[in-house]
Each structure stands twice: as C-alpha cells, then as structure tokens.
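Encoded as structure tokens, the structure appears first; notes follow it.
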Amino acid sequence: MTIPSPDNTSVSVGQGRVYLVGAGPGDPELLTLRAVRIMAKADVVVYDHLVSDGVLAFLPPKAERIYAGKRRNEHTLRQEQINALLVKLAQQGKQVVRLKGGDPFIFGRGGEELQELAKAGVAFEVVPGITAASGVSNYAGIPLTHRDYAQTCLFVTGHLKETKDFVSADLDWLALTRPRQTVVIYMGLSGLSDICRQLIAHGAQPDFPIAIVQDGTTATQKVLVGTLTDLPERVKTSGFTSPCLIIVGEVVNLHRELAWYVPAS
Ligand code: SAH
C-alpha cells in the first residue's frame, strides 16, 4: 500500500516519517490537539532548548529524547547535524517528532529542515504552533492590533549581526518606525539598547512605548513596560534573561488596562 507524501510522490507504509511540531511558547495548554496526538505515538523526539518540560511530559515514556540545543552561542548540534539526524532516524523507519518552540515556520529554521528532508525523499508533516508573538502578547495583555492604534504588525528578528565595522541588528529601521503599527522583535534581548537607539535615530519619539516579556505564558513570566529611552537600562537592572519578546507600539499602553495573567509564584 502507498500513501501520498507532501510532494505527491508515494512512499511505502512502514517507512519512517518526520513530524515538525510547533510546541507553542511554553504553557503546555497551548499545544494543539494534533501536536498532542502526534507526540503520543513518537518513537523518538528531537527537541530544542525552548521546548518546556510541561510539553515534553506529553511524550510516551518509551520515546527516545534527543536534545538539539539552540541556546544563543550554544548550538549543541549544528544545523547540518540535526538535518542529517532527522534523515537517518526516519530512514530507520521511526516516527520522528521534531519539536520546536512556538511555530516551526517562524524564526525556527523549520523550512530549512524540511528542504533537507525533501531532498532525501523522507516523508514529513508539519503541525503549526502558537508563535511567541501571539501567545506571549496575549498573556501580557498587549493586543498586537487595535483599531485605534495599529493596523499593521511586523515580526522581525533582533539577532545581532557582527561585521568588522559594527554590531547591529540588520533591519529596515525606517520601515519599523512607521505610524499605526506594532513591531514584535524576536531574539532582541542582547540587542535591546542598539534597537532602541536605532529606532530613535530613524524618527521614533524617544518616549515611544516598548515592552519586554520574559518567559511569556509560563509561571516565570515577567513584563516590563517603558519607553525607547528608559527600557534598556531598566531591563539591565531587573535582570531579564532569555527568552524575551520585545513589543514596540502604542498598543503597549493597553497592558496597564488589560493585563490578566498572574504567573503562579
Ligand atoms: N519559532 C519560535 C521562535 C524561535 S526564535 C516561535 O514561533 O515562537 C526564539 C525567540 O522567540 C526567543 O529569543 C524569544 O524572542 C521568542 N520567544 C519564544 N518563546 C518565548 C517566551 N515564552 N517568552 C518570550 N519570548 C519567547
């Protein structure tokens, strides 16, 4: 018997398959039903640093667990090694769950991993997850759009690029300072001072609202609201650690009125 694979060629039943599964931002209750169902039948799981213990608890005890790392500066397995591992496990006939924080197609290299699987002729499926922008902003009481404040929302990465002349996030700063929009910055903690400075240099008001959320949707969630001028210093003194999501826009002011989530202490 044959079943169609994602590129419409056929693969034999009994062959392994890779399920690229979005684990959401942390709270296990934000997993999709499909993610939970697929995790329950995993033979082996390859998971990233951002996947919470509460999410891993949905794996069957017999499933082999392989930690792939991916903390900043700590790539336990290099991307090429992860790709090769997924191909190897699937070729051994295993049901492989590749678990990634948030949504696998948003700043998660999910596309790159699938391209390698496609090249190797390995069958795969993708399970969307709640991306940090969505889950974390909800739990912080900051709506990303609002008819009075923002009709556009941008997701960008603040990951720093180091060249011999500068260390900076490589972003279209003018586009990020347009009015009536919200900018969500992933991986922006270490570049926060640079980000705020660049936004002001490209026309944003120095007192423009910005928020940072650490460990959003989890028991250790912390939210700090401030301005482009004062937030970087306040973040340093409050000791924020990764993962942090940064939200820039007038919608940030709604946090005072809409914050609802009380992290368990
Ligand atoms: N694929 C993931 C993003 C991976 S990049 C997604 O869709 O969410 C990793 C970045 O996501 C972190 O540096 C941080 O900016 C953000 N992030 C992920 N989980 C988070 C959380 N619980 N709280 C705050 N930020 C989070």
Side-chain angles (χ1 to χ4, degrees), residues 19-32 35 46-56 67-77 79 82 97-114 126-142 144 153-161 169-171 176 182-196 210-225 231-232 235 238-249 252 255 259 261 263-264:
Y19 298 87
L20 179 62
V21 177
D27 181 350
E29 294 208 0
L30 297 179
L31 281 168
T32 63
V46 182
Y47 67 99
D48 283 353
H49 146 68
L50 277 178
V51 177
S52 68
D53 290 344
V55 166
L56 293 175
Y67 176 59
K70 286 272 183 69
R71 227 183 292 250
R72 200 177 146 76
N73 304 329
E74 176 243 60
H75 282 223
T76 306
L77 291 180
Q79 190 62 49
I82 297 172
V97 168
R98 173 70 177 116
L99 256 186
K100 285 178 171 286
D103 182 276
F105 278 3
I106 296 189
F107 302 129
R109 299 206 184 173
E112 293 171 41
E113 292 182 14
L114 293 190
V126 188
V127 181
I130 293 188
T131 191
S134 180
V136 173
S137 63
N138 273 275
Y139 276 53
I142 301 174
L144 296 184
C153 179
L154 303 178
F155 294 178
V156 302
T157 166
H159 199 73
L160 297 177
K161 272 214 164 146
D170 189 14
L171 292 167
L176 300 192
T182 304
V183 179
V184 180
I185 306 169
Y186 288 69
M187 294 170 276
L189 176 62
S190 55
L192 181 61
S193 304
D194 178 55
I195 289 165
C196 291
I210 176 168
I212 186 161
V213 187
Q214 176 196 307
D215 297 338
T217 80
T218 76
T220 48
Q221 172 173 306
K222 284 205 298 197
V223 185
L224 194 57
V225 169
L231 196 79
V235 163
S238 321
F240 273 66
T241 55
S242 193
C244 279
L245 195 77
I246 296 163
I247 304 173
V248 186
V252 163
H255 166 76
Y261 178 62

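Atoms within each ligand, like the ligands themselves, are counted from 1 in listed order.
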Shortest protein heavy-atom distance from [atom], along with the residue and atom involved:
{"atom": "atom 18 (C) of ligand 1", "value": "Ala132 CB, 3.6 Å"}
{"atom": "atom 11 (O) of ligand 1", "value": "Tyr186 CD2, 3.4 Å"}
{"atom": "atom 5 (S) of ligand 1", "value": "Phe107 O, 3.5 Å"}
{"atom": "atom 2 (C) of ligand 1", "value": "Gly101 O, 3.2 Å"}
{"atom": "atom 10 (C) of ligand 1", "value": "Met187 CG, 3.8 Å"}
{"atom": "atom 22 (N) of ligand 1", "value": "Pro25 O, 2.8 Å"}
{"atom": "atom 1 (N) of ligand 1", "value": "Ile106 O, 2.7 Å"}

Heavy-atom closest contact ([X] atom, [Y] atom, distance):
{"X": "Val126", "Y": "Pro128", "answer": "O-CD, 3.8 Å"}
{"X": "Thr157", "Y": "Leu171", "answer": "O-CD2, 3.5 Å"}
{"X": "Tyr67", "Y": "Asp48", "answer": "CE1-C, 4.2 Å"}

Main-chain N/O of Gln221 paired with Asp215 side-chain donor or acceptor, under 3.5 Å
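Pair absent, no side-chain N/O of Asp215 close to backbone of Gln221.
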Heavy atoms, side chains only, cut-off 4.5 Å: are [X] and [Y] in contact?
{"X": "Ile212", "Y": "Lys222", "value": "no"}
{"X": "Leu144", "Y": "Ile247", "value": "yes"}
{"X": "Leu189", "Y": "Gln214", "value": "no"}
{"X": "Leu176", "Y": "Ile185", "value": "no"}
{"X": "Thr218", "Y": "Ser52", "value": "no"}

Using a 4.0 Å cutoff against the non-hydrogen atoms of [X], which atoms of ligand 1 qualify?
{"X": "Asp215", "answer": "22 (N), 23 (N)"}
{"X": "Val136", "answer": "21 (C), 23 (N), 24 (C)"}
{"X": "Val213", "answer": "24 (C)"}
{"X": "Leu50", "answer": "9 (C), 18 (C)"}

Check [X] against ligand 1 and report side chain, backbone, both or neither, counting heavy atoms closer than 4.0 Å.
{"X": "Leu189", "answer": "neither"}
{"X": "Thr131", "answer": "both"}
{"X": "Pro104", "answer": "neither"}
{"X": "Ile246", "answer": "neither"}

Considering Gly216, Gly158, Ser242 one by one, which has a heavy atom nearer to atom 21 (C) of ligand 1 than any of the others?
Gly216
Based purely on interatomic distance, does [X] place a nitrogen or oxygen under 3.5 Å from a nitrogen or oxygen of ligand 1?
{"X": "Gly188", "result": "no"}
{"X": "Cys244", "result": "yes"}
{"X": "Gly108", "result": "no"}
{"X": "Asp103", "result": "yes"}

In a table with atom names and distances, give each donor-acceptor pair under 3.5 Å that connects a side chain of residues 130-137 to protein atoms at least two apart or in another chain.
unit_1: Thr131; atom_1: OG1; unit_2: Tyr186; atom_2: OH; d: 2.6
unit_1: Ser137; atom_1: OG; unit_2: Ala133; atom_2: O; d: 2.5
unit_1: Ser137; atom_1: OG; unit_2: Ser134; atom_2: O; d: 3.1

Can you tell me if Gly26 contacts ligand 1 (heavy atom of the residue under 4.0 Å from the ligand)?
no
Between OG on residue Ser238 and CG on residue Leu231, distance to nearest 0.5 Å:
8.5 Å
Rounded to the nearest 0.5 Å, what's the gap from OH on Tyr261 to CG on Asn138? Could you check?
12.5 Å
Quiz: residues 20-29 side-chain donor-acceptor pairs under 3.5 angstrom, not counting sequence neighbours:
unit_1: Asp27; atom_1: OD1; unit_2: Glu29; atom_2: N; d: 2.9
unit_1: Asp27; atom_1: OD2; unit_2: Tyr139; atom_2: OH; d: 2.8

